[in-house]
Structure formats: structure tokens, C-alpha cells
Amino acid sequence: MKVSVIVPTYNERENLPELFERISEALRDYDYEIVVVDDDSPDETWKLAQELSEKYNVRVIRRTEEKGLSSAVIRGFKEASGDVFVVMDADLQHPPEVIPSLLKEIEKGADIAVASRYVPGGRVKNWYWYRKLVSKGAIMLGRLALPKIRNVRDPVSGFFALRRGVVEKAELNPVGFKILLEVLIKGNYKRVVEVPFTFGLRRAGESKLSGRTMFNYIRHLYRLMRWEGELDRLLKFSLVGLSGVLVNEGFLWAFVHLSWDKYIANIPATELAILNNFLWNDIWTFRDLRKRPLLQRLLSFHAAALTGALFQWLVYAILVWIGMHYLLANLVGIVLSFVVRFIFNRHVTWG
Ligand code: GDD
Ligand code: MN
């Protein structure tokens with residue numbers, strides 16, 4: 001088994017000597033190459049890497065036309081000659097000593113082994129609590145939006161190993177910069193394993209990923225949801241919801257015309273709307289995801305409706321209490337309840 005360690009770099013000159021030394025120490029029992037993909041760094045990282053290739057088995061790709069972290073890694077996938085690829089940063093926030101544990105998992109049968117900050121034993125050094133919160137919140141959002149990766153605790157890690165076949169035929173989009181996310185959605189694989197590690201401190205130089213990071217991440221999630229068909233489901237779910245409003249109003253009107261009590265008539269009208277929505281979601285929106293028995297799906301759908309309603313009321317009450325106009329507060333409540341019901345149903349009812 002030959003290993004290719006792919007390292008994207010931009011102005012990492014000061015980190016290279018220690019990085020190469022520690023990789024070669026960690027991989028002394030393996031047949032390996034290091035593939036540096038540098039975007040023509042002003043500090044001439046590529047040049048130092050070339051010089052160091054006399055001492056270590058390093059191949060340097062100096063790109064002058066293209067730029068960007070993800071596209072650099074994808075280029076590395078194309079150039080690497082190994083059977084297993086390892087992707088890692090150059091700044092030593094990813095300790096090379098973890099590579100053998102990733103490779104062990106691949107040898108044991110995993111297709112992808114992720115060095116993870118968020119499985120027991122993993123951690124980040126020196127992050128303020130709010131930085132952790134933002135990081136974990138962003139990951140939670142991704143796992144909710146993309147059910148395929150909901151079991152991966154750190155799907156945005158930049159440190160992982162995979163079998164060549166996982167990415168060989170995959171259509172990876174170089175625009176999004178969370179390359180692992182892209183691989184987890186579009187790659188060909190069965191088994192993902194996470195290995196804990198400590199995300200250390202940058203040894204030298206400075207981070208390049210900041211500013212519009214969050215915005216780009218959301219855009220990336222949106223693109224991947226579209227690719228996965230989750231956006232279509234969301235649309236279908238909304239159309240079904242609208243049909244439910246009509247059913248609800250229609251039956252309410254009919255019952256009241258039959259001289260039912262107005263306070264009571266609302267209840268069967270709502271239940272009929274829920275049944276209508278369940279039916280259409282079951283045979284249309286989530287048709288391909290009918291795994292649980294019908295009765296379970298039906299009960300779960302009701303639980304989602306109830307959760308949504310409680311949520312809507314809670315949001316409404318809180319917003320009115322802090323002084324928002326009650327109509328606006330209600331609107332916010334409705335939208336949030338919609339999101340909650342979609343997520344509940346996507347992950348539980350048809351999960
Ligand atoms: N070729 C190339 N082109 N390399 C780049 C570019 C680029 O445009 N931008 C960054 N890199 C290289 C850096 O030189 C470094 O080796 C690696 O990519 C990571 O960049 P950092 O700037 O150190 O990123 P970070 O520490 O903020 O983010 C890391 O941690 C995140 C998790 O919190 C990365 O590993 C992310 O992928 C990861 O999601
Ligand atoms: Mn870094």
C-alpha cells in the first residue's frame with residue numbers, strides 16, 4: 001500500500017522543514033510520497049519544497065493559473081500516485097504523528113478515516129468558548145442539512161485519509177473550500193471512521209481562512225443540498241404544507257356550515273390537514289425513504305406537527321414578550337416551525 005500525503009500550501013515556508021521531518025518519521029514503515037500543491041506563494045514555499053525534495057520524497061506542484069484550498073487538494077488527488085491519500089495542512093495544526101492511526105483504520109476496512117476534533121479524545125487547543133460554539137454550530141447545521149453525513153462529528157476537518165477509489169471518479173466542485181464535506185457527499189465510499197486528535201496551534205505564519213468563511217460555508221451547504229436533492233424535498237414539503245392550509249380552511253368552512261361549534265370544528269379540520277400532508281409527503285416528498293412501518297411514520301409525523309406547533313407558540317410568546325409586533329412574531333414562529341417540522345420529519349419520520 002503506497003501512501004500519498006497531499007499538502008496544500010500558501011506561504012508556509014517556515015513550516016516545511018519540521019513538517020517533512022515529522023511526516024517522514026511518522027511514515028518510516030510506509031512507502032510514501034509527499035505531494036505539495038502550492039499556489040505560487042510569494043514567500044517561495046514551492047522553491048523550498050523543491051530544495052527539500054533532495055532529502056525527502058516530495059513532489060512539488062506549483063500552480064500559477066489556479067488558486068484556492070479545495071482546488072489545490074483536488075489537483076493533489078489527480079497527481080498523487082498512492083493507493084491511499086492523506087490530506088493535511090502544512091502549518092502543523094495537524095500533527096503528522098496521527099497519520100499512522102488514520103492508515104490503520106483504512107487497513108482495517110474504512111474507506112475514509114477522518115482526524116476528528118469532536119469525537120471523545122479529540123480537542124482544539126486555545127479556542128475561546130465562542131469560537132468552539134460557532135464551529136460546533138456550523139457543523140450541526142451541516143449535519144442537519146445533509147442527512148447523509150449526520151453521523152460524522154467533524155465533517156469539515158482538513159485532516160483525513162481515504163482510498164484512491166473514493167475520489168477517483170467523483171465530480172468534486174473546487175469552489176467550496178471544505179473539501180472533506182464535498183468528498184463525504186460526492187465520494188464513492190461505504191465506511192467512514194473518525195480518529196480523535198488535538199487540533200494544535202499554528203507553528204508559524206498566519207491563517208488564510210477567515211473573513212467570508214461562514215458565508216461561503218452556507219453557500220457550500222446550499223449547493224450540496226441541491227446536489228443531494230434535499231432542496232427538492234424542501235420545496236415539495238412546502239407545497240404539501242400549502243395544500244394542507246387549503247384542506248384545513250376548506251373543512252373548517254364545511255364543518256361550520258354544518259352548524260358545528262366553531263371552537264370544536266377547528267380540531268378535526270386540523271387533523272384532516274395533518275393526514276393530507278402525511279399522505280402527500282409519504283407518497284411524494286419522502287417516497288424513497290419509507291423504511292419505518294406506516295403506523296410509526298404516521299405517529300412520528302404527528303409528533304413533528306405537535307413539536308412544530310409548540311415551537312411556533314414558544315417563539316411567538318418570546319418575541320412578543322421582548323416587544324416585537326405580534327404579526328411579525330407570528331410570521332417568524334411559522335417559518336421556524338416549518339423548519340423544525342421539516343428537520344424532524346426528514347431525520348426521524350423518514351430518517
Ligand atoms: N494551495 C493553497 N491555496 N493552499 C492554501 C490556500 C490556497 O488558496 N489557502 C490555504 N492553504 C493551505 C495553508 O497553507 C495550510 O497549509 C492549509 O491550507 C490550511 O490553511 P489555514 O489558513 O491554516 O487554515 P485554518 O487553520 O484556518 O483552517 C484549517 O482548519 C479548519 C478546521 O477548523 C483547515 O484545515 C480547514 O480545512 C479546516 O476546515
Ligand atoms: Mn491552520
Side-chain angles (χ1 to χ4, degrees), residues 5-20 22-23 34-49 58-79 86-96 98 102 114-118 122-128 130-139 141-142 149 152-161 172 174-184 194 197-214 216-218 220-221:
V5 182
I6 298 166
V7 186
T9 60
Y10 193 75
N11 285 348
E12 303 286 0
R13 159 178 275 276
E14 292 162 90
N15 293 313
L16 286 194
E18 183 178 341
L19 177 75
F20 291 171
R22 283 170 61 183
I23 291 177
I34 301 174
V35 180
V36 169
V37 187
D38 186 77
D39 289 356
D40 206 17
S41 298
D43 78 350
E44 301 191 323
T45 305
W46 47 273
K47 197 167 164 196
L48 178 62
V58 182
R59 202 137 59 81
V60 185
I61 297 155
R62 176 187 174 192
R63 304 195 307 167
T64 50
E65 309 281 302
E66 266 179 301
K67 285 211 179 315
L69 177 50
S70 274
S71 72
V73 174
I74 292 170
R75 178 69 184 275
F77 290 156
K78 291 203 178 102
E79 305 277 347
V86 173
V87 176
M88 70 186 299
D89 295 349
D91 58 2
L92 296 162
Q93 288 192 282
H94 297 156
V98 176
L102 296 176
V114 179
S116 172
R117 295 166 293 176
Y118 301 126
R123 63 186 204 96
V124 274
K125 255 190 205 158
N126 281 31
W127 272 15
Y128 293 109
Y130 66 80
R131 182 119 193 245
K132 269 186 212 161
L133 195 74
V134 169
S135 168
K136 286 202 167 182
I139 288 173
L141 190 70
I149 60 154
V152 183
R153 303 281 192 90
D154 197 353
V156 300
S157 173
F159 191 11
F160 52 92
L172 302 176
V175 178
F177 69 59
K178 297 295 183 187
I179 185 66
L180 178 59
L181 204 57
E182 192 76 15
V183 169
L184 287 169
E194 288 182 87
F197 89 109
T198 300
F199 188 66
L201 302 177
R202 181 172 255 283
R203 196 51 55 90
E206 51 194 46
S207 169
K208 284 99 209 168
L209 307 181
S210 57
R212 289 152 55 85
T213 303
M214 203 58 199
N216 283 326
Y217 177 68
I218 305 275
H220 196 189
L221 287 185

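Start at 1 and go down the list; that is how both ligands and their atoms are numbered. Starting from 1, each residue takes its place in the sequence as its number. Basis for what follows: all heavy atoms, side chains included, without hydrogens, waters or symmetry-related copies.
In this structure, the side chain of Ser71 does not engage the main chain of Pro174 through any donor-acceptor pair within 3.5 Å. Using modelled atom types, one side-chain atom of Ser116 and one backbone atom of Tyr118 make a donor-acceptor pair closer than 3.5 Å. The backbone N or O of Gly200 sits less than 3.5 Å from a side-chain atom of Gln93, completing a donor-acceptor pair. Judged by distance alone, with hydrogens and angles left aside, the side-chain atoms of Glu79 form no donor-acceptor pair with the main-chain N or O of Val35 at under 3.5 Å.
Considering each of Leu201, Val87, Val156, the one bringing a non-hydrogen atom nearest atom 38 (C) of ligand 1 is Val156. One option in Glu206, Arg202, Gln93 has a heavy atom closer to atom 20 (O) of ligand 1 than any other, and that option is Arg202.
Counting the atoms of ligand 1 from 1 in the order shown, those under 4.0 Å from a heavy atom of Phe199 are 30 (O). Near Asp39, meaning under 4.0 Å from one of its heavy atoms, ligand 1 places the atoms 1 (N), 2 (C), 3 (N), 7 (C), 8 (O). Taking every heavy atom of Thr9 and a limit of under 4.0 angstrom, the matching atoms of ligand 1 come to 1 (N), 2 (C), 4 (N), 14 (O). Counting atoms of ligand 1 from 1 in the listed order, those under 4.0 Å from a heavy atom of Glu12 are 13 (C), 14 (O), 15 (C), 16 (O). Of all atoms in ligand 1, listed by their number and element, those nearer than 4.0 Å to a heavy atom of His94 are 35 (O). Below 4.0 Å from some heavy atom of Lys178 lie the following atoms of ligand 1, by number and element: 38 (C), 39 (O).
No N or O atom of Asp38 sits closer than 3.5 Å to an N or O atom of ligand 1. For ligand 1, the polar-atom distance check finds no N/O of Phe177 at less than 3.5 Å from any of the ligand's N/O atoms. Looking at Ala90 next to ligand 1, an N or O pair under 3.5 Å apart turns up. Of the polar atoms of Lys67, none of the N or O atoms is found under 3.5 Å from an N or O of ligand 1, judged by distance alone. Polar contact with ligand 1: absent for Ser157 (N/O pair, distance under 3.5 Å).
When the N, O or S atoms of Asp91 are ranked by distance to the Mn ion (ligand 2), OD2 comes first.
Contact between Arg13 and Thr45 at its shortest, heavy atoms only, is N-OG1, 3.4 Å.
Side-chain atoms of Leu48 and Phe20, non-hydrogen and from C-beta on, never get closer than 4.5 Å to each other. Thr213 has its side chain out of reach of Asn216: every pair of non-hydrogen atoms, C-beta onward, lies at least 4.5 Å apart. By the 4.5 Å heavy-atom criterion applied to side chains, Met88 and Pro96 are counted as neighbours.
Counting heavy atoms under 4.0 Å from ligand 1, residue Ser207 touches it through both backbone and side chain. At a heavy-atom distance under 4.0 Å, only backbone atoms of Val37 (N, CA, C or O) approach ligand 1. With a heavy-atom cut-off of 4.0 Å, Phe159 does not touch ligand 1 at all.
The protein heavy atom nearest to atom 28 (O) of ligand 1 is Leu209 CD1, 3.6 Å. Nearest non-hydrogen protein atom to atom 37 (O) of ligand 1 is Gly158 CA, 3.7 Å. When only non-hydrogen protein atoms are considered, atom 22 (O) of ligand 1 lies nearest to Lys208 N, 2.6 Å. Here the heavy atom of the protein found nearest to atom 5 (C) of ligand 1 is Tyr10 CB, 3.9 Å. The closest protein non-hydrogen atom to atom 12 (C) of ligand 1 is Pro8 O, 3.4 Å.
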Decide side-chain contact (heavy atoms from CB on, under 4.5 Å) for Val156 and Leu180; before the verdict, give the C-alpha distance in whole Å, the side-chain angles of both, and the deciding distance to 0.1 Å. CA-CA 6 Å; Val156 300; Leu180 178 59; over 6 Å; no

Evaluate the criterion side-chain contact (heavy atoms from CB on, under 4.5 Å) for residue pair Arg117 and Phe197; output intermediate values, then yes/no. CA-CA 6 Å; Arg117 295 166 293 176; Phe197 89 109; 3.8 Å; yes

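In this structure, Lys67 places its NZ atom where more than 12 heavy-atom neighbours from other residues, nucleotides or ligands lie under 6.0 Å away.
Proximity of Arg63 to ligand 1 is not established, as no heavy-atom distance is less than 4.0 Å. Heavy-atom separations between Met88 and ligand 1 are all 4.0 Å or longer.
Relative orientation of the His94 and Phe159 rings is parallel, given thresholds of 30° and 60° on the angle between their planes.
With a cut-off of 2.8 Å, the Mn ion (ligand 2) has an N, O or S atom of Gln93 in range.
Remark: Arg202 engages Glu12 in a salt bridge, criterion side-chain N to carboxylate O under 4.0 Å.
Among the candidates Asp38, Asp40, Asp39, the single residue satisfying the salt bridge (charged side-chain N to carboxylate O under 4.0 Å, His left out) test with Arg63 is Asp39.
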